[in-house]
J.: 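After the C-alpha cells below, expect a handful of questions from me.
Heavy atoms only: backbone and side chains are in, while hydrogens, waters and symmetry mates are out. We name chains A, B, ... by the order of the sequence lines, and we start the count at 1 in each one.
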2 protein chains.
Amino acid sequence: MARAGTTARKTRNQMEKRQAIFEAALDVFSEKGLRGATLEQVAKAAGLSKQNVVYYFAGKDEIYAELLESLLQKWVQPLHDLTADGDPMDEILTYVSRKVQMSRNMPRESRLFATEILHGAPRLGEVLPTDLKALVDEKAAIIQGWMDAGKLAPLDPHHLIFSIWAMTQHYADFDVQVRSVLGSERSATRFEDAERFIKDMLIRTLRP
Amino acid sequence: MARAGTTARKTRNQMEKRQAIFEAALDVFSEKGLRGATLEQVAKAAGLSKQNVVYYFAGKDEIYAELLESLLQKWVQPLHDLTADGDPMDEILTYVSRKVQMSRNMPRESRLFATEILHGAPRLGEVLPTDLKALVDEKAAIIQGWMDAGKLAPLDPHHLIFSIWAMTQHYADFDVQVRSVLGSERSATRFEDAERFIKDMLIRTLRP
DNA sequence: ATGATTTCTGCACGATCGGTCAACATTTTT
DNA sequence: AAAAATGTTGACCGATCGTGCAGAAATCAT
C-alpha cells in the first residue's frame with residue numbers, strides 16, 4: 001500500500017510507531033520550533049529513517065498539526081476540572097498546583113504551545129476564539145459568581161486566569177532564564193518556591 | 001571595498017541602512033523566529049536586495065545577534081530604574097506600569113526575547129547568569145530591604161520579579177490568545193485592564 | 001510454502017536558502 | 001575631472017530540506 005494511515009483503521013504497530021514519532025517530534029519541535037526543526041532530527045530521535053517517518057505521516061506539517069491537536073485536550077484539562085462545586089479558594093489553589101505541576105512535568109508541551117501562540121497561532125487560530133474562549137468564559141463566570149457571593153474579593157476573572165497562566169507557565173517557558181537568575185542552589189527548589197509564592201499571592205489577593 | 005562595517009567607523013548612510021535593516025529584522029524575526037525567517041524577507045522589509053543586506057552585515061546570524069544585543073539594554077531599563085529612593089509601593093507599581101507599556105508599545109521586542117529564551121537562549125547564555133542575575137539580585141535586595149523594614153509584606157523578591165515579568169509580558173507574547181479569549185469588544189481595553197488588574201493584585205499582595 | 005500485505009530503504013528530484021563574486025553604478029575625495 | 005571609496009545588482013554555487021517513488025525486505029494470512 002502507498003502509505004499507512006490513509007484509512008482510519010490503525011494496527012498495533014502503526015499506533016506504536018506513530019506514538020514514537022509524536023514523542024520525538026515533541027522533543028525536537030519544542031526545542032527548535034516547527035521551522036527550525038528538520039524531519040531527519042525527528043526521525044533520528046524516533047529511531048527511524050526520514051523516509052520511514054513519511055510512511056506514517058503525510059509530512060512534517062501533519063506531524064506538527066496532529067501533535068498539537070493531540071496535546072490540546074490534555075493541556076486545558078486542569079481548567080476543565082475547576083468546578084463550582086468545591087470551595088472557591090481551594091478550587092483556584094488546586095488549579096495553580098496543577099498548572100505548576102504541568103510546568104514541571106510537561107515543559108516541552110508548554111514550550112510547544114508557547115511558541116505556537118507567540119508566532120500568531122496559525123494552526124490554532126480556529127480553536128482559540130471558539131473552544132478556548134467558551135471554556136474560559138464558563139470558568140470566569142463561575143469565579144464571578146463566587147465574587148458576587150462575597151466568597152472572593154472582586155476582581156476581573158478573565159485577567160485572573162491570564163495571570164495564573166502567565167505566572168505558572170513562566171517557569172516552564174523561561175526556565176533557562178529562571179535558573180540563570182536564581183543560581184544553581186536556589187534553582188533546585190524553584191518549582192516548590194514558585195507554587196508557594198503564587199499561592200500566597202493569590203490568597204492575599206482573593207481573600208474577601 | 002569588500003564590505004561595510006569591517007571597520008568600526010560608520011558613515012551616516014551606513015548607520016541609516018543598518019538601522020533600516022534592524023527595524024525590518026525586528027519585524028520578521030519576532031514574527032517568524034530566526035530559523036523561520038529568511039534573509040530575503042528581511043531585505044524586502046528593509047527595501048533592499050538580499051545581497052545588499054549582506055553588504056552591511058556579515059550574515060543572517062550577525063543581524064540577529066546584533067539586534068538582540070542592541071535591544072537588551074532598552075529591555076531591562078525599567079528594572080534599572082527601580083531604586084531604593086522612592087516609596088516602595090510606588091516604585092513597584094511604576095515598574096509594572098512601564099512593563100505593561102512596553103508590552104503595548106514594543107510587542108515585537110518582547111516576542112523576540114521570548115522566542116530566544118524559549119529556545120534555550122543560545123545567544124544570551126553568557127549574559128543571563130552574569131549581568132541579568134546581578135541586576136535582579138540587586139533589585140531583589142532592595143525589595144527585601146523594604147520588606148525587612150516592614151514597608152511591604154514579606155515575600156520572595158525574586159519570584160515577585162518573575163511574576164511581574166510573567167504577567168506583564170504575557171499580554172505581548174500571547175496577544176493572539178488574549179484577544180481571542182476576551183473577544184473583540186473587551187480586547188480594546190486589554191492593556192488598561194491588565195495594568196489595573198496587576199496593580200490591584202500587587203497592592204493587595206504587598207500591603208504589609 | 002506461497003502469495004498478499006505491510007514496512008522500510010535507496011535514490012533522486014525540485015525547491016529554497018545563505019552566501020560569494022565579479023561587474024556595474026554612485027558618491028566622495030583629491 | 002580623475003581617482004578612490006562606497007554602494008548596488010545579477011548570476012550563481014553548494015548545501016540542506018521536504019518529498020516522491022520504485023522496489024527490497026519483513027510480516028502476515030491462508
J.: Could you tell me the separation between the OH atom of A:Tyr55 and the P atom of D:dA24, rounded to a whole number of Å?
T.: 17 Å
J.: Mind calculating the distance between CG (A:Leu48) and P (C:dG10) to the nearest angstrom?
T.: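 About 14 Å, once rounded to whole Å.
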J.: Between atom CG in A:Leu39 and atom C1' in C:dT9, what is the gap in whole Å?
T.: 16 Å
J.: Send over the distance from B:Asn52 CG to C:dC24 P, rounded to a whole Å.
T.: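 In whole Å, C:dC24 P lies 18 Å from B:Asn52 CG.
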J.: In terms of relative ring orientation, are A:His159 and A:Phe162 parallel, tilted or perpendicular, with 30° and 60° separating the classes?
T.: perpendicular
J.: Any side-chain N or O of A:Thr38 below 4.0 angstrom from OP1/OP2 of D:dT16?
T.: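 No, because none of the side-chain N or O atoms of A:Thr38 sits under 4.0 Å from OP1 or OP2 of D:dT16.
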J.: Would you say B:Ser49 places a side-chain N or O within less than 4.0 Å of OP1 or OP2 belonging to D:dT8?
T.: no
J.: Are any of A:Lys17's side-chain N or O atoms less than 4.0 Å away from OP1 or OP2 of C:dT6?
T.: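 Answer is no, no contact under 4.0 Å.
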J.: Which part of the nucleic acid, if any, lies within reach of B:Ala37 when heavy atoms closer than 4.0 Å are counted: base, sugar-phosphate only, or nothing?
T.: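 Sugar-phosphate, no base atom in range.
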J.: Once rounded to the nearest 0.5 Å, what's the spacing between atom CD of B:Glu69 and atom CD of B:Glu62?
T.: 10.5 Å
J.: Whole Å only: how far is the CD atom of A:Glu16 from the P atom of C:dC8?
T.: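 In whole Å, C:dC8 P and A:Glu16 CD are 11 Å from each other.
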J.: Could you check how far NZ of B:Lys44 sits from P of C:dT16, rounded to whole Å?
T.: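 B:Lys44 atom NZ is separated from C:dT16 atom P by 14 Å.
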J.: Between P on D:dA15 and CZ on B:Arg35, what's the gap in Å once rounded to a whole number?
T.: 19 Å
J.: Give a yes/no verdict on a cation-pi contact between A:Arg18 and A:Phe57, requiring under 6.0 Å between NZ or CZ and the six-membered ring centre and an angle within 45° of the axis.
T.: yes
J.: Could you verify whether a donor N or O on one side chain and an acceptor N or O on the other, from A:Thr168 and A:Ser103, lie under 3.5 Å apart?
T.: no
J.: Taking ring-ring contact (aromatic ring centres under 6.0 Å, His included) as the cut-off, I'd like each qualifying pair that reaches into residues 75-123 of chain B, sequence neighbours left out, listed once.
T.: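 Found B:Trp75-B:Phe113.
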J.: Atom CZ of A:Phe57 to atom C1' of D:dT19: distance rounded to whole Å?
T.: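 Rounded to whole Å, this separation is 16 Å.
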J.: Given C:dT7, D:dG7, D:dG18, identify the nucleotide with an atom nearest to the side chain of A:Lys60.
T.: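 From the listed options, D:dG18 comes nearest.
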J.: So, OP1 or OP2 of D:dT9: does either fall under 4.0 Å of a side-chain N or O from B:Lys50?
T.: no
J.: Has B:Gln51 got a side-chain N or O lying under 4.0 Å from the OP1 or OP2 atom of C:dA22?
T.: no
